[in-house]
Amino acid sequence: MKATSMQWQAVVNGKAQEMEIAPSRRLLDILRDDLDLTGTKVSCEIGRCGACMVLIDGQPMNSCLMMAYQCADTEITTIEGLHGETESELHPIQEAFLEEGGFQCGYCTPGMIISTKALLDRTPQPAEQEIKEGLCGNLCRCTGYGGIMRAVESAADKCAHRSSLSPTAGLPMK
Amino acid sequence: MNRQSTASSLPAPVLPHVWEPASAQEAITLKRQYGADSAYVAGSTLLRTQWEGGLLTIPAHMIRLDTIEGLNGIMEDEQQIRIGALTTLRECGHDHRLRIHGNTCSTACRHIAAPAVRNLGTIGGNISSAVGDMIPALLVHDARLVWMDTEHHPSEYEQELVDWLEQVRVGRRSLYAVLLGIVIDKSGPDTAPDLHNHQNSAPFHTSLSSEPSWREISFYRKVGRREAFTPSLVTVAFRALMNREGVLVNVKAAAGGGAGLAMRLSRCEQLLEGKVYDPRYTAELAALVEKEWVSYSDPFASESYRRQTAGNLLAAGLWETLHQEMERG
């Protein structure tokens, strides 16, 4: 009977990664401990808070729930993989969270931003209810969510504006 | 406490073996070989919460189900919709066929956990847990489960969901059977009521044969402690056919939620079967749910609170749904 291989490979933030790891190892631990991508946060560890949110082939997933074999051969995007037109610039969603006060302690923010990215890629101009549903798996204990809602609305406008100016208009931004 | 010495005194964690069965038969062979040291794993979202919460130990052998062909996706023929057990909740919630023919199931899929969890969690995992919030919705669609069990003859067989829940309740569910899929019969706005089944039911206020147009009314309601990925306190589902005079037939109601087993509410169904809805039924229905539904107490909610909530959810849901139908004409 075949057992799942210890050889794991995936593209993380645009870079091919290959390593020997237990197939049941959590993606959260691979990112933080093996790849030193500590922007993905550890919190509830049972899929409730969204602090560990990453994109797997463009879909938001809780990296605390996901085992290595479940995301092998996929494209994984963490908060470190988001940026503006150049790597040193902020992504419009990050800008919006800063400008609108969409965080206080900041611990939930990477997960919030990743979920917002997934939402805006799918629904560029989301209604209030769509924002609430898109971010319902991300919990913030500080802000009361008002700033976060404003940040998502602002991010939608920024992304739409930059997308219209970009020579690759219509393509989702990195 | 010296963290380093504590760490060194602990045994190194044993990493589970992860197996890739090529078929359900192979998966069952592995399960029989490793028994309680093994677990079938699909999306593993609920299993992870149980492992992290200490409710279950991480098994030494994980038996993947995603390597078995044919367990993914939704298919239909003229009479039925068949949902592969490994279809994600997201896919189920977005499927237009399920929205048309299994509306409460479709609604349930869009209200379980958060979008990211639904991207990974599967309908089969939700059912196999025996406490998933899909179950009340599937009960009102008379869903059947398709199993593979090499000890059963034939090895692949269908079983009514309600019968499987009874096996779970009495502790007689098979520990080895692999859930292959879920089957629900198609329904739609113009589904004709099954007249034959109503020979002995309550008298109709109007003749069925004089009313060609029946439409399905259904709803799914859930009350939880919080949004995101927490078990509900109470979940109810309702489905019936209604004609232009407001006569309800083929009434089906179910309640579940939390760590309790879902069940059909047959006395509530009888109360409404063949009747024209009247506002006086609202209080009567709520009271009857409280009497009929078997729930439980935990530190978060007493059994009486859950029963009362289920009664209110079902009665208010029916009232709201019927009013929406009347407004639509």
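Proteins get letters first, then strands, A, B, ... in listed order; numbering begins at 1 in each.
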So V41(B) and M67(A), side chain to side chain contact (heavy atoms under 4.5 Å, CB included) or not? Walk me through it.
CA-CA 11 Å; V41(B) 178; M67(A) 290 182 272; 3.9 Å; yes
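Within residues 31-38 of chain B, no residue approaches chain A closer than 4.5 Å by heavy atoms. Residues of residues 51-63 of chain A lying within less than 4.5 angstrom of chain B, judged on heavy atoms, are M53(A), Q59(A), P60(A), M61(A), N62(A) in numerical order.
With a 4.5 angstrom heavy-atom cutoff, A27(B) does not touch chain A via any of its atoms. Only the side chain of R26(A) comes within less than 4.5 Å of a heavy atom in chain B; its backbone stays farther off.
Open room surrounds CZ on F300(B); 12 or fewer heavy atoms of other groups in view lie less than 6.0 Å from it. Counting non-hydrogen atoms of neighbouring residues, nucleotides and ligands closer than 6.0 angstrom, the CH2 atom of W319(B) reaches no more than 12 such neighbours.
Here the closest non-hydrogen pair linking A114(B) and G137(A) is CB-CA, 3.3 Å.
The candidate from R110(B), E26(B), H61(B), R64(B) with the greatest count of non-hydrogen atom pairs under 4.5 Å with chain A is R64(B).
Applying the side-chain hydrogen bond (donor to acceptor under 3.5 Å, both in side chains) test to every pair with at least one member in residues 85-94 of chain B, sequence neighbours left out, gives these pairs: R90(B)-N119(B). Counting only residues at least two apart or on different chains, the salt bridge (Lys or Arg N to Asp or Glu O under 4.0 Å) pairs with a member in residues 111-127 of chain B are E133(A)-R118(B).
Contact of the Y69(A) side chain with the T67(B) side chain is not registered, since no non-hydrogen atoms from C-beta on lie closer than 4.5 Å. Using a 4.5 Å cut-off on side-chain heavy atoms (C-beta onward), Q70(A) and S44(B) make contact. Taking 4.5 Å as the limit, every side-chain heavy atom of C64(A) sits out of range of all side-chain heavy atoms of R48(B).
With salt bridges taken as basic N to acidic carboxylate O contacts below 4.0 Å, none links E52(B) and R48(A).
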